[in-house]
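Read through the structure below, which is laid out as structure tokens, and then see the notes.
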Amino acid sequence: MRYPRRRSRILVRVLPALLIVTACSTDSNPVRIGLAGPFTDSVGAPMLRAAELAVQQINASGGAAGRAFELIARDDRGDPDSAIAVATDLVRAGVVAVVGDVYSGTTLAAAPVYNSAGVRQISPSSSSPLVSGAGPWTFRTCPSDLQHGAALAKFAAERLSLHRATVLYLNDEYGRGLRQTFALEFSRRGGVVEEVDPYLGSRPDVGPYLDRLARRGTSDFLFLGGYREEAEETLRAARARGVRLPVLGGDGLEGLEEAGPLAEGSYLSSGYLASIDTRKNREFVEAYRQKHPTAPSPNQPAAATYDIMYLLQSAVAKSGTDRQRLRDAISTIGGSAPPFEGVTGTIAFDQNGNVPRQRVVVGRIEGGKVRAVGGL
């Protein structure tokens with residue numbers, strides 16, 4: 001998932017460790033699991049809720065080989081500098097693995113700390129292709145931007161029968177990666193990318209680009225390689241010019257449905273949607289809502305965090321808490337060991353810690369909600 005917006009150098013606020021103990025074995029110390037994410041923003045807060053739920057359930061069922069999980073959560077505020085401080089703190093706390101970070105920028109910043117210390121870092125949502133080379137101790141359980149761009153191109157060409165695109169993208173690692181993979185796959189499928197334009201900032205001046213699009217009048221749709229804030233600005237500017245083409249974008253558009261009628265009919269990709277109708281997902285969403293009745297539905301980082309906690313339960317039960325043996329046990333999932341079937345789909349790691357078999361879901365905004373319409 002996305003690079004974080006905030007680049008401030010404020011000191012990280014350390015949340016208290018979350019200790020959940022049940023009647024597991026009294027002869028063993030709890031297994032310390034770290035959690036790193038931006039718990040004070042709308043993307044990261046569900047991650048903390050899902051982790052609490054998973055640990056509660058795991059401990060109620062006996063833990064991992066009779067040992068309870070102890071969740072040590074630290075807020076990185078979505079800031080790379082804070083992510084480094086959080087990683088250092090979690091290593092010192094003696095965690096055997098860390099679930100995090102959420103954003104690609106924070107995951108990449110923290111990765112050298114975890115790799116130097118020999119602590120397994122598993123990101124639920126960092127989609128940058130650069131995460132693949134972050135180190136042998138850094139894995140992820142979400143699709144990469146390479147998968148998102150290709151899935152959106154396939155959906156546009158095959159499901160929507162669209163043939164001519166205008167692409168606007170944020171000129172950062174996330175936007176450039178999404179633009180490139182979408183354009184390559186769309187062209188490979190016979191589509192035409194009529195214009196590709198970069199922008200900067202959360203309130204970009206895309207008016208000149210949209211003016212050209214309107215004058216040309218030949219594009220079937222608009223592809224946005226950026227985040228929700230810019231998408232809203234672009235949609236307002238487009239509507240003001242009478243441009244009402246279909247809009248497609250990646251997981252950076254999470255939350256766009258909250259923009260109301262402005263976003264109606266837009267498409268976005270994700271590694272997970274709460275509306276996916278599978279038994280595992282229905283059970284997860286119901287348990288999440290029971291524990292957090294006033295919170296919004298779980299998002300992708302939440303669902304993936306929940307999966308990772310259960311994956312760690314299985315791995316610890318198999319290998320114990322020695323960091324090297326735990327790393328090796330996780331590395332074999334989907335290789336010499338069976339894949340892990342979770343709420344988000346099939347988790348099977350390749351040699352770079354990616355999950356090439358993980359699905360990308362395409363959703364359509366309808367009535368203020370995102371309904372899964374493709375990629376299932």
Side-chain angles (χ1 to χ4, degrees), residues 1-6 37-50 75-79 101-106 123-128 142-143 145 148 151-152 168-170 172 174-175 178 199 201-204 206 222-239 246-276 281 285 288-289 292 294-306 344 360-375:
M1 184 175 286
R2 295 78 86 179
Y3 277 73
R5 214 33 103 185
R6 293 164 297 231
F39 308 138
T40 48
D41 76 22
S42 60
V43 175
M47 173 199 198
L48 177 60
R49 298 186 195 110
D75 192 337
D76 68 16
R77 297 181 180 268
D79 174 70
D101 296 48
V102 168
Y103 300 117
S104 296
T106 47
S123 171
S125 54
S126 297
S127 58
S128 169
C142 66
D145 294 341
H148 279 277
L152 287 162
L168 304 182
Y169 69 97
L170 179 64
D172 73 351
Y174 173 71
L178 194 59
Y199 61 81
S202 60
R203 298 178 65 88
V206 295
L222 182 61
F223 182 84
L224 300 181
Y227 306 97
R228 171 189 170 179
E229 291 173 274
E230 306 119 46
E232 289 188 32
E233 288 294 315
T234 301
L235 283 168
R236 289 191 193 96
R239 299 298 183 262
V247 171
L248 282 76
D251 61 340
L253 303 192
E254 179 181 311
L256 184 61
E257 66 275 12
E258 296 171 13
L262 181 68
E264 190 75 7
S266 299
Y267 297 89
L268 56 87
S269 65
S270 179
Y272 167 83
L273 292 173
S275 60
I276 294 173
N281 187 53
V285 171
Y288 185 94
R289 287 175 176 164
H292 306 287
T294 63
S297 295
N299 61 1
Q300 189 276 333
T305 294
Y306 185 84
T344 61
V360 175
V361 181
V362 178
R364 186 175 190 269
I365 297 175
E366 300 175 354
K369 296 184 179 181
V370 182
R371 182 174 67 88
V373 294

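We number each residue from 1, following the sequence as shown. In what follows, every heavy atom counts, from backbone to side chain, and hydrogens, waters and symmetry copies are set aside. Keep in mind that this is a model prediction, so the values were computed, not measured.
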- Task: Could you list the residues that satisfy side-chain contact (heavy atoms from CB on, under 4.5 Å) with Leu178, not counting sequence neighbours?
- Result: His148, Tyr174, Phe223
- Sequence neighbours left out, what passes salt bridge (Lys or Arg N to Asp or Glu O under 4.0 Å) with Glu233? Give chain and number order. Arg203, Arg236
- Message: To check you understand the geometry: which heavy-atom pair defines the closest contact between Leu248 and Leu152, and what is its length?
- Response: CD2-O, 4.0 Å
- Check whether any side-chain N or O of Ser126 sits under 3.5 Å from a backbone N or O of Tyr103 as a donor-acceptor pair, and report yes or no. yes
- With side-chain contact (heavy atoms from CB on, under 4.5 Å) as the test, would you mind laying out the steps for Glu257 and Ser266 before giving the verdict? CA-CA 9 Å; Glu257 66 275 12; Ser266 299; over 6 Å; no
- Backbone N or O of Ala274 within a donor-acceptor pair of the Asn281 side chain at under 3.5 Å? yes
- Task: Indicate the atoms forming the closest heavy-atom contact of Ala263 with Leu235, along with that distance.
- Result: CA-CD1, 4.2 Å
- Smallest heavy-atom separation, Gly250 atom then Leu268 atom, equals O-CB, 3.9 Å
- Rounded distance [0.5 Å steps], CG in Asp76 versus OG1 in Thr106: 5.0 Å
- Query: Ala237: what forms a side-chain contact (heavy atoms from CB on, under 4.5 Å) with it, not counting sequence neighbours?
  - Reply: Val206, Leu210, Arg241
- Between Asn299 and Glu254, does any side-chain donor sit less than 3.5 Å from a side-chain acceptor? yes
- Item | Nearest heavy atoms of Val102 and Pro38, plus distance in Å | CG2-CD, 3.5 Å
- Return the set of residues passing side-chain contact (heavy atoms from CB on, under 4.5 Å) with Ser275 (not counting sequence neighbours), or none when no residue passes. Leu273, Ala372
- Message: Tyr272: which residues meet the ring pair (Phe, Tyr, Trp, His ring centres under 6.0 Å) condition with it, sequence neighbours left out?
- Response: none
- Message: Looking at every heavy atom in both Arg49 and Pro296, which two are closest together, and how far apart are they?
- Response: NH1-CD, 4.4 Å
- Applying side-chain contact (heavy atoms from CB on, under 4.5 Å), name anything that partners Thr305, two or more places apart in sequence or on another chain. Leu35, Met47, Ala51, Val99, Pro124
- Just wondering, do Pro301 and Val43 contact through their side chains at under 4.5 Å, heavy atoms? yes
- Task: Would you check if the side chain of Glu366 reaches a backbone N or O of Glu264 as a donor-acceptor pair within less than 3.5 Å?
- Result: no
- OG of Ser127 to CD of Gln300, rounded to nearest 0.5 Å, is 8.5 Å
- Item | Worked check of side-chain contact (heavy atoms from CB on, under 4.5 Å) between Val373 and Tyr267 | CA-CA 9 Å; Val373 294; Tyr267 297 89; 4.2 Å; yes
- What is the minimum heavy-atom distance between Leu253 and Ala231, and which atoms define it? CD2-CB, 3.6 Å
- Of Ile365, Leu262, Leu224, Val247, the one forming a side chain to side chain contact (heavy atoms under 4.5 Å, CB included) with Leu256 is Ile365
- Is there a donor-acceptor pair under 3.5 Å between the side chain of Ser270 and the backbone N or O of Asp251? no
